[in-house]
Student: 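The structure is given below, and queries will be raised subsequently.
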Amino acid sequence: MFRLLPTCIGRHISKSLPSLQAHCSLFSAAISSRQFTSDGFNNGNKDIDFNILFSSCTKVHLAKCLHAFLLVSGKGQNIFLSARLVNLYAYLGDVSFAQRTFDQILKKDVYTWNSMVSAYVRSGRFRDAINCFYLFLLTSGVRPDSYSFPSVLKACGNLVDGKKMHCWVLKLGFEWDVFVAASLVHMYSRFGFLSAARKLFNNMPVRDMGSWNAMISGFCQNGNAAGALEVLDEMRLEGVKMDPVTVSSLLAVCSQSDDSLSGMLIHLYVIKHGLECDLFVSNALINMYAKFGSLGHAQRVFDQMEARDVVSWNSIIAAYEQNDNPITALGLFNRMQLIGIQSDLLTAVSLASIVAQLSDHQSSRSVHGFIVRRGWLMEDVVIGNAIVDMYAKLGAIDSARTVFEGLPVKDAISWNSLITGYAQNGLADEAIEVYRMMEEHKEIIPNQGTWVSILPAYSHVGALQQGMRIHGRVIKNCLYLDVFVGTCLVDMYGKCGRLDDALSLFYHIPRMSSVPWNAVISCLGIHGHGEKALKLFNEMLVEGVKPDHVTFVSLLSACSHSGLVDEGQWCFRIMQEEYGIKPSLKHYGCMVDLLGRAGRLEMAYNVIKNMPIQPDASVWGALLGACRIHGNYELSTFASDRLFEVEPENVGYYVLLSNIYANVGKWEDLDKVRSLARNRGLRKTPGWSSIEVNNKVDVFYTGNQTHPKCEEIYNELKILNTKMKSLGYIPDLSFVLQDVEDDEKEHILTSHSERLAIAFGIISTPPKSTIRIFKNLRVCGDCHNATKFISRITEREIIVRDSNRFHHFKDGICSCGDYW
DNA sequence: GTAGGGTTAG
């Protein structure tokens, strides 16, 4: 009989389901290779046990073979068998075949309809499921039963579309069915209507395991651990034990709420009751331990699993990826591929982050291509955002922008990723521009991530008023107590010259972690309050907060700005001895800066000589900067040679060296440096200063002639110059590197960008109000001196933030005591 | 012959 099948099948199915043709021969092949349990064929095929046959179909192609067989044996319209086929396709995840089979059934009974609805639900086509249900309810003439509602209610729960369905449940009188009631509980939980869910749950006359789990997972999925525990207690009182479903819900909420104690207790319960063999439980355990940073525990759970699915692999890969171990994560990904587990969208999300962490530009393109080929970029915004983030982290911000522009749907995180990308690549203006565009899209609601991405951009350009506007929005959204947003605000106020505001805000935000402390210590440092920074460090220790490597960078630089050499050396020592932190290049840079500024050039050089790691440009640059302050020609030549070896393309160092040579009158050397820079195609970074007046940031370049108020600005400077000279100001012409007449040199000094910005501030703001200037490079020595005079003449406080620190000018003196 | 409650994300 089977040998004859192919031709017979061919005739039948060419009329009905053409694509089944291909399965004719497969069917016989499958039979002969015993992929179908042969017990189903009772000697000579007299009685076929369809139960066994259906349950033998574990792959779609086997289902198609069976389908073909049913058609050829004339059972195509057998309501019992064809409905089971719909169900089978649904289980195997082929919803389109389920649908085609369903459509061919002329007389559909309630089982057939229920199968089709649940097929849609299982494949995530919730809208189709609801439409199919209504077709069933209103047009089929068949009455839904208690089996019909649980799946359609699940679909509603995914679409926030359930009140109407609840009415139908009541109308048809199924609210007391334990499955239906549990589905209602779960649906309302999904909407976040926990009290409605709880009320329904309390009224249930009978509760099975599924009902308890529906209520508990309702609380868990809303992040309400306390609510979940309350239900759990009731459950225990009634003598019901947790099953794997309860446990996996609870483990997820433990990791979300950082409750490692409960998480470990549940793990003990799991071991005691032998629930480790459940896939979901093990996966949830891996995720939880990864969240707690306990990679050893996560790995152990993974190793002990008997069977692993794609979620297990994704979880262990993400565990390493998110705990800064991209190499191990990549190794696991390769292993996963080797054993033939198909990656999914979430694997790709981790992969994008892995290549970004590894700075692997080439692989980033492959990952992007891989995702595009699978059509995932169009399918889910999450993966698009991951790619934007990946490119941004790799510094390929233009690629990030292109991917962003091409996203079919953008959510708040897409915008945040791009803003952060610009801000972290030093493009604060672009970040601000993108945020402005985001604000135009009213349907996008900014969130915590938005504030954390835009505030540093405002800090960077010193846009205090716009930063304060964000502060207002943060308060409105009740996010002002969020550690990360709070820290960004502290940083913003600090970097925009409002140290007092930064400090008072700091004491209002949670400060259990080192993050806000690091920010406030760094603010004190750049304002030249080294001693206060040390005091805060002490306070931090008293409050039991553990300092990290960032804390010490902030502290060391604070000491260096204030000339606290002994204290700085003490910090450097305890960092290693008491906290076991190995100094990084940044720490060494700070130490060289600290000693060098204080004139201990020999010691600074010794620090470099004794470094166990290769010094980079920032370390040599710190030494060169010190040579400039203390006029050490020999050492500067040596330092600059090393510097041009490691970073020949940074123009700033050539300028610094020219300054040194100009100061000691080595004009020939100066010419050499200049031609060296010119030959390497380097051009001096133009100096610019900005000032924010009436919510608008005005930028001035040195010698700017195009500003609308240009004439008034130069007039004001002229008047000021006369007054300054009468008070004893003598222009320091050594800051002009151009070889021109002294008159011209004086004119160049007067048109430095910081002076233009100050003059603009004076003519555009009320008398005696504070002026805040931001300069992209270090403030020039002559401008520093001149600003002291201007603060006295105009009786204004002038705050200048340059690329290094703050200078507070008041009554003719600067808070830095001319030490910078 | 059918249904509900579970794990991973930028």
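Below, read A as the first sequence line, B as the second, and so on, with proteins coming before strands; counting in each chain starts at 1.
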Student: Would you indicate what Asp145(A) reaches in the nucleic acid, counting non-hydrogen atoms under 4.0 angstrom: base, sugar-phosphate, or nothing?
Tutor: base
Student: So what does Asn78(A) touch, heavy atoms closer than 4.0 Å: a base, only the sugar-phosphate, or nothing?
Tutor: nothing
Student: Hey, does Ser217(A) reach any base, or is it just sugar-phosphate, or nothing, if we go heavy atoms under 4.0 Å?
Tutor: sugar-phosphate
Student: Check every atom of dA9(B), dG4(B), dA3(B) against the side chain of Val382(A) and return the nucleotide holding the closest atom.
Tutor: dA9(B)
Student: Counting only side-chain N and O atoms of Tyr91(A), is one of them less than 4.0 Å from OP1 or OP2 of dA3(B)?
Tutor: yes
Student: Which residues satisfy the ring-ring contact (aromatic ring centres under 6.0 Å, His included) test with Phe370(A), sequence neighbours excluded?
Tutor: Trp376(A)
Student: Check Phe136(A), Trp176(A), Phe133(A), Trp168(A) against Phe149(A) for a ring pair (Phe, Tyr, Trp, His ring centres under 6.0 Å) and give me the one that passes.
Tutor: Phe133(A)
Student: Would you classify Arg122(A) as touching base, sugar-phosphate or nothing, given that sugar-phosphate means primed atoms plus P, OP1 and OP2, and contacts are heavy atoms under 4.0 Å?
Tutor: sugar-phosphate
Student: Any base atoms under 4.0 Å from Asn114(A), or only sugar-phosphate, or nothing? Heavy atoms, all strands.
Tutor: base
Student: State, to 0.1 Å, how close Gly384(A) and Leu377(A) come at their nearest heavy-atom pair, and which atoms those are.
Tutor: CA-CD1, 3.5 Å
Student: Does any residue of residues 288-323 of chain A have a heavy atom under 4.0 Å from DNA chain B, and if so, which ones, in number order?
Tutor: Val311(A), Asn314(A), Gln322(A)
Student: Under 4.0 angstrom, heavy atoms only, what part of the nucleic acid is Val110(A) near: base, sugar-phosphate, or nothing?
Tutor: nothing
Student: Below 4.0 angstrom, which residues in residues 264-283 of chain A have at least one non-hydrogen atom near DNA chain B?
Tutor: Asp278(A), Phe280(A), Val281(A), Asn283(A)
Student: Listing request: all salt bridge (Lys or Arg N to Asp or Glu O under 4.0 Å) pairs with a residue in residues 385-394 of chain A, at least two apart in sequence or in separate chains.
Tutor: Asp389(A)-Lys393(A)
Student: Assign Ala352(A) to base, sugar-phosphate, or nothing according to its heavy-atom contacts below 4.0 angstrom with the strands shown.
Tutor: nothing
Student: Of the residues in residues 237-256 of chain A, which ones touch DNA chain B at a heavy-atom distance under 4.0 Å?
Tutor: Asp243(A), Pro244(A), Val245(A), Ser248(A), Ser249(A), Ala252(A)
Student: Regarding Met209(A), tell me which of base, sugar-phosphate or nothing describes its non-hydrogen contacts under 4.0 Å with the strands shown.
Tutor: base
Student: For Arg300(A), what residues pass the salt bridge (charged side-chain N to carboxylate O under 4.0 Å, His left out) criterion, not counting sequence neighbours?
Tutor: none
